[in-house]
Amino acid sequence: MIKTKYTLTSVESNSITSQTLPDGIAEFDSVGMNRIELLTFVLSGRRSTTEPHALTTKSHYIKFGCWIFLFCAYNGLMLYFSELLNRKVFTEDNIFVGKLGDLVFKLSDSAEITKVVVKAKLDPKTIVDIADVVKLNGSIVLKKNYHTKTLEENELYVSKNLLDSQVIDISGDKMVRVNDVAIQNQPILYIAGVDIGLIGFLRWFGLEDLANKLFNRFGIKLRSQFLSWVDIQTLELSRGHVKIKTEQTKLQKIKPEDLADYLEQTNMENIGQVLRSFTLDHAGEVLNNLNLNYQVEFFKRNELKEAAHFMSHMEPEEAADVLVALPKKKREGLLELLNETARNQIEHLLSISVSPVGDIVSTEFLTFDSNVTAKEVLKTIKELGSDYGEIHYVFFLNTDKQMVGGSSLRSVIIQQPDTPAFKFMRPQIEMVSLSTPVSVVWKKLLKYQYNVLPVVDKNRQMIGLVKISDVGELINK
Amino acid sequence: MIKAFVNRWFRPLFIFLAVLGPSVIGTMAGNDGAGVITYSFAGAKLGYIALLTLPLLTIFYAVTQEIGSRIAIVTGKGLGDIIRERFGIRVAFFVFAALIIANFGTIVTNVAALKTASVMLGIPSIPFIVATIIFCFLLITRTEYEKSQKIFLTGMVFYFAYVFSAFKGNPNWGDALKGMFIPDEKMFTKDFLLISIAILGTTITPWGQFFVQSYMKDKKVPIGRLKYAQLEAYIGAFLSNFFTFFIIVATAATLYVHKISLTSGESAATAIKPFAGDFAGVLFAVGLVNAAIIGIVIVSLTSAYAFSEFFGFAGSLDNPYKKEKAFYLNFLISMILAAILVFTPWFSLFRIVIFTQSLNGVLLPIFFYYLLKIVNDKELMGPHINGKKYNWFSIGCTIFIGLAAISAMVIQFIG
């Protein structure tokens with residue numbers, strides 16, 4: 001039988017009882033299992049002892065999380081921050097130093113605890129390196145001549161920055177608040193994960209055991225809701241004015257649309273830090289998805305040069321909307337600093353932003369002379385393609401720069417390389433003008449099953465194009 | 001030239017109107033059902049000198065609302081969020097528990113006010129209250145932030161009923177103005193002290209502090225609009241007490257002047273009928289219904305927001321109903337429980353009201369202690385921290401409010 005004090009679930013006498021759970025948490029019916037069987041079960045990634053083969057994507061998280069928990073269950077050392085806080089700290093020769101105030105950890109995938117903070121009489125923020133900590137269970141013992149240190153660039157406090165703050169639950173796709181922090185002792189001291197459930201809450205009042213007993217009377221098993229460190233992303237990325245450099249792989253895994261939603265639930269400080277820690281391209285994508293208020297606020301708060309960098313990597317339509325909302329000075333300043341492609345596209349959009357379809361016209365289009373060959377079209381796309389967000393269709397012009405036809409990418413690709421465009425292009429493509437009402441555009445897109453429609457002026461020269469997704473969004477509003 | 005003129009004056013006005021909302025609504029909710037009853041009672045018992053409390057009250061109210069707005073805009077968080085993040089789970093829990101109990105009491109008082117109003121208007125109580133609760137629930141669940149704001153602001157219009165009632169009562173405006181600005185010896189009576197503290201306690205409330213921040217956060221006001229929001233706080237406080245003025249005058253001019261004693265604030269409307277006319281009496285009751293609805297909706301909303309902020313379930317008016325079940329269930333439960341309490345004869349309504357008013361009063365200094373700590377925290381507020389002079393002023397207000405609240409408690413237990 002496995003005897004543990006710190007487990008995933010409520011412990012009833014000597015067994016761990018179970019139920020299947022969604023999202024990164026699991027429990028086991030281990031009555032009668034020995035250690036080997038249990039370990040094997042965990043490593044198999046199965047989510048339940050009753051379900052034979054349940055290898056879902058989430059099971060990989062469970063595996064990792066449970067692995068830690070059970071491992072420590074065997075070795076008996078899962079510590080909770082709520083239990084560590086305010087423990088008495090002594091030196092090796094039994095001199096009382098103070099009480100434990102906080103822990104410092106490194107913001108990385110491994111989340112090692114690097115320092116402890118002791119509330120000493122003389123200095124309530126005595127920071128001691130973890131190497132100087134001799135023992136952590138029971139009372140805390142430091143080496144005789146412990147050294148005090150300061151925090152490094154990528155270190156954060158557990159109590160200040162992680163506990164009680166809102167974090168993104170990556171696999172569960174939502175924001176949650178950290179009720180308690182679970183710390184593992186093997187092989188070194190590190191943060192295993194966070195407790196976001198009721199038990200974490202109750203632990204602060206010492207009611208965990210009582211509640212377990214109470215609920216067990218009614219046959220309800222109280223489960224600890226644990227999220228492992230890899231599954232969460234904290235957004236508190238600063239200590240006062242110090243900005244943290246972090247490995248942002250976790251944040252970058254989250255889809256830009258989702259991340260924008262999460263960020264909107266926090267404040268501008270967090271948004272700024274997160275965006276600045278990304279590559280410009282990725283930051284641009286996230287910016288595209290932020291609510292206009294946040295976009296405007298972000299650009300207001302940043303210096304022109306930096307802001308211009310970000311703006312160049314946003315979609316021109318989004319950038320144009322933001323620019324319109326900014327005060328004149330800032331707008332003009334930013335426009336000046338943008339890179340040429342971006343600036344031209346945006347200025348173009350700004351000038352036509354008054355018409356009905358004009359609001360959603362995109363300037364990302366490729367045109368060619370109708371005599372070019374398929375080979376040349378492909379070559380150009382390869383060269384310029386990374387500058388454009390999407391290319392569905394290319395358009396062809398005559399010598400007067402008038403629209404004469406278009407072709408889907410597929411069509412271009414399947415051609416013999418030397419076929420001239422006028423042979424494979426579609427000559428009678430639908431066009432709309434800036435004054436075409438959105439509803440008409442919509443009907444055309446649906447009727448002819450197009451992804452895009454070109455927008456031309458009265459001389460049949462191309463101004464821009466309308467994408468079906470943009471029209472759809474507009475209509476949905 | 002004209003364009004420049006328009007740009008200079010109208011642009012700020014439009015921005016202001018766009019930001020307008022949270023503080024005005026929050027301060028208006030200070031005139032909830034419990035408030036109206038308290039003010040009418042004050043006017044009837046003390047006459048025009050009850051107005052003496054108003055100028056100082058407005059200033060205090062404005063200060064507290066401004067601090068709340070500023071914190072919400074600068075940090076993007078509600079008061080519950082900040083208390084939880086700064087002070088941890090234990091403090092959060094106790095503050096939350098205290099808030100919920102106090103809020104519940106306020107809701108009960110408002111539902112009682114509904115009952116009273118229905119009696120005044122001669123409508124059967126139970127169906128009326130049930131209908132009103134359903135109305136309140138739909139109001140919150142079916143509307144997004146923008147719409148709910150418009151509805152709340154429209155509800156403000158009904159407060160003019162009191163202005164009308166006041167005029168109909170043929171008040172002596174000279175006396176009223178005198179009463180408001182010139183101290184009178186009658187100030188030192190026990191009655192005056194108790195009633196003015198009651199007025200304070202029903203205007204500046206813990207839930208008022210929470211609400212302005214939560215609502216402001218929900219509205220996502222950008223920091224560039226901070227000045228407008230601060231202006232709004234001052235205007236909101238002024239507007240709210242503007243109506244309070246007329247409520248007090250309405251009963252002062254009729255009941256006090258004619259030496260009619262009120263057994264309870266509830267019979268105010270019936271009592272003023274002989275002096276101000278039937279219509280004025282009806283308007284008074286309608287105003288009470290409006291005030292009670294606003295109180296119920298906003299206080300319940302505050303409890304729900306607080307729960308979300310303290311314990312992490314997302315809560316915002318812009319999220320669809322299905323997603324935030326916990327949020328809305330919270331809301332519904334408090335309202336239903338309150339309704340039950342009002343209708344069962346087992347609990348003395350009066351006792352509950354007194355208890356919760358006192359609780360509100362006692363909790364106020366505690367909340368303001370945290371509030372001041374937060375607004376002085378450089379890490380949190382950055383450059384928008386309280387300026388030195390303003391800080392002394394805010395601390396002074398808090399101490400005053402605290403002393404008043406405690407003395408009220410003491411007097412009630414002694415006297």
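Just so it is clear, the model here is predicted, and its values are computed rather than measured. Sequence lines set the chain letters: A, B, ... in the order given, protein chains first and strands last, and positions in each chain run from 1. These numbers come from the heavy atoms of this one structure, side chains and all, not from hydrogens, waters or symmetry mates.
With a 4.5 Å cut-off on non-hydrogen atoms, Asp180(A) does not touch chain B at all. Of the two parts of Val296(A), neither the backbone nor the side chain holds a non-hydrogen atom closer than 4.5 Å to a non-hydrogen atom of chain B.
Contact count versus chain B (heavy atoms, under 4.5 Å) is highest, among Lys300(A), Arg301(A), Glu297(A), for Glu297(A).
Under the side-chain hydrogen bond (donor to acceptor under 3.5 Å, both in side chains) criterion, Ser69(B) pairs with no residue at all, not counting sequence neighbours. Among residues two or more places apart in sequence or in another chain, the side-chain hydrogen bond (donor to acceptor under 3.5 Å, both in side chains) test is passed with Gln295(A) by Glu318(A).
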Inset, instruction - Show your working on side chain to side chain contact (heavy atoms under 4.5 Å, CB included) between Arg86(B) and Asp164(A) and close with a plain yes or no. - result: CA-CA 8 Å; Arg86(B) 223 101 194 83; Asp164(A) 292 324; over 6 Å; no
Inset, instruction - Please lay out, stage by stage, how Arg177(A) and Glu85(B) fare under the test salt bridge (charged side-chain N to carboxylate O under 4.0 Å, His left out). - result: CA-CA 9 Å; Arg177(A) 215 181 260 287; Glu85(B) 287 173 14; 3.0 Å; yes
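Taking 4.5 Å as the limit, some side-chain heavy atom of Phe205(A) sits within range of a side-chain heavy atom of Phe93(B).
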